[in-house]
Amino acid sequence: MAFATIADIKEYEPDILNYGIQNFDDALSKAQEDVERYLRVNWWPSQQIGRFDITVVGTFLEMEPDKLTESQFTRAAVYCALGYYIYPRLSKFEPEMDVFQMKYDYYKKMYAEEIDMVIRDGVEYDLDSNGTITDAERTPQYFLRLKR
């Protein structure tokens, strides 16, 4: 299932279809891949270290994106799609910033903030695949402590 749809993008940018591009499926799928990659790099290792004893370090599992709660990442996927894929496609990249350059800079910053806040709040990951998220499956892994 997709983290975001064109309807989600239209919530943030109602006029997005007026610029001549009607299909954003590729941008949304790339944004979802980016969100998943970010989670694999920045959240999943600390999730695994929190679950396993140091004596079994070599037995890390791969993150399964189907076990994530899609609605938790909708805003991040929308911001990522707008900032990295949609507005750069519309920009002219001239020395004088156009409105699209300003918007993709804004959405890139918003994406970074949003994905960080989701991780700090606690990623919902259905580890036992029972269809429900327990408190233990949503515990934040980041407590503003120095990680080494």
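When a residue number appears, it is its place in the shown sequence, counting from 1.
Residues D26 and S29 bring no donor and acceptor atom of their side chains to less than 3.5 Å of each other. Counted by atom type alone, Y107 and E13 present one or more donor-acceptor pairs between their side chains at under 3.5 Å.
Two residues are said to be in side-chain contact when any heavy atoms from C-beta on lie closer than 4.5 Å; Y38 and Y111 meet this criterion. Side-chain contact between R75 and Y12 is present, with heavy atoms from C-beta onward closer than 4.5 Å. Between L28 and I9, the closest side-chain pair of non-hydrogen atoms falls below 4.5 Å. Within the 4.5 Å cutoff, the side chain of L39 has no heavy atoms near those of the Y125 side chain. Two residues are said to be in side-chain contact when any heavy atoms from C-beta on lie closer than 4.5 Å; F24 and I16 meet this criterion.
When all heavy atoms are compared, the tightest approach of W43 to I119 is CB-CD1, 4.0 Å. Scanning both residues, A31 and A77, for their nearest heavy atoms gives CB-O, 3.5 Å. Taking both residues in full, the closest heavy atoms of Y19 and K103 are given as OH-NZ, 4.4 Å, listed atom of the first, atom of the second, then distance. Nearest heavy atoms, A81 versus A27: CB-O, 4.0 Å.
Separating the CG atom in D121 from the CG atom in D116 is a distance of 11.0 Å, to the nearest 0.5 Å. Rounded to the nearest 0.5 angstrom, T74 OG1 and E114 CD are separated by 9.5 Å. Here the CD1 atom belonging to I6 is positioned 8.0 Å from the CG atom belonging to N23, to the nearest 0.5 angstrom. Rounded to the nearest 0.5 Å, atoms CD1 (I21) and CD1 (I86) are 8.0 Å apart. A distance of 10.5 Å separates CG in L82 from OH in Y106, rounded to the nearest 0.5 Å. Taken to the nearest 0.5 Å, the CG atom of D34 stands 11.0 Å off from the CZ atom of F3.
V41 and M63 end up in different hydrophobic clusters when Ile, Leu, Val, Met, Phe, Trp and Tyr side chains are linked at under 4.5 Å.
Residue pairs meeting the side-chain hydrogen bond (donor to acceptor under 3.5 Å, both in side chains) criterion with at least one partner in residues 92-101, sequence neighbours excluded, are S91-D98.
A donor-acceptor pair is defined here as one N or O able to donate and one able to accept, closer than 3.5 Å; no such pair exists between the side chain of E36 and the backbone of P65.
Heavy-atom contacts from other residues, nucleotides or ligands closer than 6.0 Å to NZ of K67 number more than 12. Other residues, nucleotides and ligands place no more than 12 heavy atoms under 6.0 Å from the CE atom of M117.
Comment: D105 does not engage K108 in a salt bridge, judged by the lack of any side-chain N to carboxylate O separation of less than 4.0 angstrom.
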| request: Go through the steps for V123 and F73 under the test side-chain contact (heavy atoms from CB on, under 4.5 Å), then give the verdict. | output: CA-CA 9 Å; V123 174; F73 302 101; 3.7 Å; yes

